[in-house]
2 protein chains.
Amino acid sequence: MAKFKLDETDHKILGMLIDNTRTPFTDIAKKLLISAGTVHVRVKKMEEAGIITGSSLSLDYKKLGYSFIAYVGIFLEKTSQTQFVLNRINEIPYVTVAHITTGKFNLFCKVRAKNTEHAKQVIFKIDDIDGVYRTETMISMEESLNDKTRLMRSIFDEMIS
Amino acid sequence: MAKFKLDETDHKILGMLIDNTRTPFTDIAKKLLISAGTVHVRVKKMEEAGIITGSSLSLDYKKLGYSFIAYVGIFLEKTSQTQFVLNRINEIPYVTVAHITTGKFNLFCKVRAKNTEHAKQVIFKIDDIDGVYRTETMISMEESLNDKTRLMRSIFDEMIS
DNA sequence: GGTGAAAGCACCGAGTT
DNA sequence: AACTCGGTGCTTTCACC
């Protein structure tokens with residue numbers, strides 16, 4: 001939970017790995033003018049500290065046939081049901097992220113589905129959860145991905161300057 | 001854009017790589033009772049087909065000091081400004097995803113920041129864009145990540161059954 | 001489209017400065 | 001902390017099925 005101290009070298013290593021986890025340590029070493037062993041040790045330390053929690057593939061979901069994205073805002077009958085409903089939502093396939101929120105909605109989640117028909121089925125499952133009073137759906141017509149890489153750049157740029 | 005035909009072996013390979021891009025091909029080969037060379041060829045084909053678009057590190061942003069998440073709904077003065085405003089939003093650091101949406105808002109984005117003060121600065125930048133009439137912020141109190149892995153499981157479960 | 005073996009590297013730990 | 005170096009094991013290719 002605490003802030004972890006990373007120096008500029010660590011950031012540069014992360015910067016090279018965030019776009020491609022298979023970037024050879026030897027390449028990183030060459031670019032940063034350090035030894036591959038040092039890269040190895042630093043990555044390991046970041047893994048042990050829990051900064052690096054794993055690695056994942058980036059897939060083109062449109063090509064896989066999942067081109068529908070929607071956000072669903074959820075109103076509850078009573079706020080005391082929040083955790084219960086969140087747990088139920090997390091059991092529903094094709095819900096990719098869920099949040100407890102302040103503001104308009106009590107809960108908020110993202111759904112990725114094949115098409116409108118498929119999404120409707122997913123959203124009906126959310127509506128059916130005990131304690132859900134009403135939902136409000138926002139359909140994404142276009143997603144512009146900044147995502148992880150972009151966020152890391154924001155963080156790095158600030159730290160280096 | 002078209003659906004790409006993946007067989008069960010491809011799905012199993014993706015299933016083993018989605019959680020850990022560094023899973024040795026030899027391990028995958030052993031488990032699926034095929035040769036490591038075959039795993040290599042199939043992964044390469046999926047890369048060439050654009051199904052696999054890359055690989056990225058999973059990082060603990062809380063430990064990096066970025067524990068604030070909010071969603072921002074955006075109302076525009078005129079819908080004709082949509083693309084222009086989307087482009088401006090994509091230039092703002094700490095905005096991680098942006099969408100053009102139907103429903104309540106014209107645009108919709110996710111912000112990850114250090115704290116409320118930092119988030120305020122980011123949201124002010126959104127408010128300042130020409131054509132933005134009003135924004136509505138939903139602060140996440142708790143994020144429960146299903147994320148990529150979860151989605152892939154949803155897809156695989158369906159395909160295998 | 002798959003195999004199996006061989007060659008080429010990367011990873012990773014031990015020992016050193 | 002960082003470097004070098006050597007053993008181990010993964011990746012990648014290629015001739016063959």
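Chain A is the first sequence line, chain B the second, and so forth, proteins listed ahead of strands; every chain is numbered from 1.
For A:D7 and A:R42, the salt-bridge test passes: some basic side-chain N is under 4.0 Å from an acidic carboxylate O. With respect to A:K120 and A:E117, a salt bridge is recorded, a charged nitrogen being found less than 4.0 Å from a carboxylate O. A salt bridge does not link B:E47 to B:K44: none of the charged side-chain nitrogens sits closer than 4.0 Å to a carboxylate oxygen.
Screening B:F124, B:F68, B:Y94 for a ring pair (Phe, Tyr, Trp, His ring centres under 6.0 Å) with B:H118, the sole residue that qualifies is B:Y94.
Between A:R22 and D:dT11 there is a side-chain N or O to OP1 or OP2 distance below 4.0 Å. Phosphate contact (OP1/OP2 of D:dT11, side-chain N/O of B:H40, threshold under 4.0 Å): absent. For C:dT3, one of the phosphate oxygens OP1 or OP2 lies less than 4.0 angstrom from a side-chain nitrogen or oxygen of B:T38. Contact between the side-chain N/O atoms of B:K44 and the OP1/OP2 oxygens of D:dT13 is found at a separation under 4.0 Å.
Using modelled atom types, no side-chain atom of B:T101 and backbone atom of A:I139 make a donor-acceptor pair closer than 3.5 Å.
The separation between A:M46 atom CE and C:dC12 atom C1' is 16 Å, rounded to whole Å. D:dT11 atom C1' lies 13 Å from atom CG of B:L17, rounded to whole Å.
The residue among A:T23 and B:R42 whose nearest nucleotide of DNA chain C lies closer to the 5′ end is B:R42.
Of the residues in residues 24-34 of chain A, those with a non-hydrogen atom less than 4.0 angstrom from any atom of DNA chain C are A:P24, A:F25, A:T26.
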Start with the C-alpha gap between B:H99 and B:F105, add the side-chain angles, then the distance that decides, and say whether ring-ring contact (aromatic ring centres under 6.0 Å, His included) holds. CA-CA 10 Å; B:H99 296 266; B:F105 310 111; over 10 Å; no
